[in-house]
Amino acid sequence: MRSRHVPARPDSTGLPAGGSIVDLHTHTTRSDGVLEPEQLLADVVAAGVRILAITDHDSLAGYRELTAARGAQPSLQVIPGVEINALARGIPNVDELHVLGFGVDPDDEAFEATLARQRAARRVRFERTVVRLRELGLPIDAQVALLDLTRDDALGRPTIGRALIAAGHVRSVEDAFQRLIGHGGPAYVPRDGLGPLEAIAAIRAAGGLPALAHFWDAPLRIDLLRELREAGLGGLEVHHISFPPETVAAVGEVATALALVPTGGTDFHGDTGTYADAHAALVVPEPVGTGLLSVLAGHATRA
């Protein structure tokens with residue numbers, strides 16, 4: 001699921017949108033976002049965020065770059081994070097489950113090897129999609145040639161979507177997903193990689209907290225969530241920017257009932273506006289951020 005800009009609104013907490021100091025779901029150019037890590041950091045600080053998680057798909061490169069380059073910034077706490085698009089093999093009516101990993105050890109070699117295999121599978125899928133589009137008479141070879149593919153970025157379909165826009169084949173990334181590269185579309189190429197149980201186990205092994213991202217159906221899939229919790233799931237994204245107030249309330253009740261740590265964020269990629277635009281619609285109560293930090297501190301103490 002990609003970030004989308006939605007009108008500023010209060011959520012079920014009654015807090016106004018746009019004043020959140022917490023954003024636990026963001027993407028950079030190290031996966032399928034449009035901003036370089038340092039630019040995202042600058043925009044986040046300008047918006048008033050004080051607790052941030054960089055959650056690029058299958059990559060911790062953006063987090064590593066920021067921690068190496070930014071120096072001391074006591075006003076901002078950056079949590080190492082990752083998002084793994086897990087194949088929901090055998091789970092009825094679900095194609096993928098997106099598993100966020102918070103507080104993972106960025107120096108864990110086994111976890112990095114797992115992420116590297118995920119990125120390699122993404123690159124194969126990317127290349128096959130380019131071929132499929134060419135066969136459909138919708139070439140994007142010239143646009144892809146302008147990308148820096150020498151970096152080990154986690155390539156994703158939004159990057160394909162942007163190339164399709166540049167080639168004049170679609171109007172927007174959303175249009176690209178709806179007509180061409182989304183599930184069931186003529187240019188859709190199936191994903192390969194980890195399943196949700198494997199993703200949860202890998203995040204746990206790296207010292208992190210696995211949390212399920214933007215799962216609208218949480219109130220209707222309690223049994224599934226219980227199974228995932230038994231496998232090690234520890235959190236649930238309650239305050240996703242696309243959730244209307246009634247969904248926030250319903251998913252929040254599920255998190256409470258199952259003792260899952262609530263998270264939330266913009267899921268910012270940058271295709272539909274600036275970070276300031278996304279932040280203007282964000283409502284993540286401060287205790288969500290401080291609560292996650294407390295849980296992660298407990299993990300570190302036990303480790």
Side-chain angles (χ1 to χ4, degrees), residues 3 5-6 8-11 13-31 33-57 59-83 100-107 206-209 211 213 234-235 237-241 243 248 261-270 272-301 303:
S3 176
H5 178 53
V6 294
R9 53 164 175 76
D11 77 352
T13 66
L15 296 173
S20 300
I21 68 165
V22 178
D23 190 349
L24 303 174
H25 194 164
T26 60
H27 299 273
T28 77
T29 50
R30 297 302 166 265
S31 63
V34 303
L35 297 183
E36 290 288 327
E38 288 194 46
Q39 185 59 60
L40 175 64
L41 184 72
D43 291 357
V44 162
V45 170
V49 172
R50 295 294 174 263
I51 302 173
L52 172 70
I54 303 291
T55 54
D56 276 318
H57 295 278
S59 178
L60 287 159
Y63 171 81
R64 294 192 190 101
E65 289 177 31
L66 290 179
T67 54
R70 71 188 180 96
Q73 267 190 333
S75 64
L76 177 67
Q77 185 144 4
V78 182
I79 299 170
V82 68
E83 182 173 7
L100 297 164
F102 295 106
V104 291
D105 180 359
D107 298 319
L209 178 83
E237 191 168 46
V238 171
H239 301 276
H240 190 268
I241 194 171
F243 286 178
V248 172
V261 177
T263 74
T266 54
D267 196 0
F268 178 73
H269 288 71
T272 57
T274 65
Y275 182 80
D277 293 332
H279 186 262
L282 181 65
V283 185
V284 181
E286 183 175 354
V288 170
T290 55
L292 177 61
L293 289 174
S294 178
V295 170
L296 295 180
H299 279 198
T301 299

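Scanning all heavy atoms of the two residues, the minimum distance from Gly103 to Ile79 falls at N-CG2, 3.7 Å. Listed here is the closest heavy atom pair of Val22 and Leu282: O-CD2, 3.4 Å. Across every non-hydrogen atom of Phe102 and Leu24, the tightest pair is CE2-O, 3.2 Å. For Glu237 against Thr263, the heavy-atom pair with the smallest separation is CA-OG1, 3.3 Å. Annotation for Ala213 and Glu83: closest pair CB-OE2, 4.2 Å, computed over non-hydrogen atoms. Leu40 approaches Phe268 most closely through the heavy-atom pair CD1-CD2, 3.8 Å.
Judged by distance alone, with hydrogens and angles left aside, the side-chain atoms of Ser59 form no donor-acceptor pair with the main-chain N or O of Ser31 at under 3.5 Å. Side-chain atoms of His279 do not come within 3.5 Å of backbone N or O of Val44 as any donor-acceptor pair. With hydrogens and angles ignored, the 3.5 Å screen pairs no side-chain donor or acceptor of Arg30 with any backbone N or O of Pro37.
Remark: the His240 side chain and the Asp267 side chain contain an N/O donor-acceptor pair separated by less than 3.5 Å.
Between His25 and the options Thr55, Ile54, Thr266, a side chain to side chain contact (heavy atoms under 4.5 Å, CB included) holds for only Thr55.
With a 4.5 Å cut-off on side-chain heavy atoms, Leu41 and Leu76 count as touching. Contact annotation: the side chain of Thr274 never approaches that of Asp43 to less than 4.5 Å [non-hydrogen atoms, C-beta and beyond]. In this structure the side chain of His269 never reaches within 4.5 angstrom of the side chain of Val34, judged on heavy atoms. Tyr275 is listed as a side-chain neighbour of Asp23, based on a closest heavy-atom distance under 4.5 Å.
The aromatic rings of His57 and His27 lie parallel to each other, their planes meeting at an angle below 30°, with 60° marking the opposite boundary.
Rounding to the nearest 0.5 Å gives a distance of 15.0 Å between OG1 of Thr290 and CZ of Arg50. The line from CG of Leu100 to CG of Leu209 is 9.5 Å long, rounded to the nearest 0.5 Å. Considering OG1 of Thr28 and CD of Glu38, their distance stands at 11.0 Å, rounded to 0.5 Å.
Residue Glu36 qualifies as enclosed at atom CD: its count of foreign heavy atoms under 6.0 Å is above 12.
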Determine, stepwise, if the pair Thr26 / Leu52 fulfils side chain to side chain contact (heavy atoms under 4.5 Å, CB included).
CA-CA 8 Å; Thr26 60; Leu52 172 70; 3.8 Å; yes
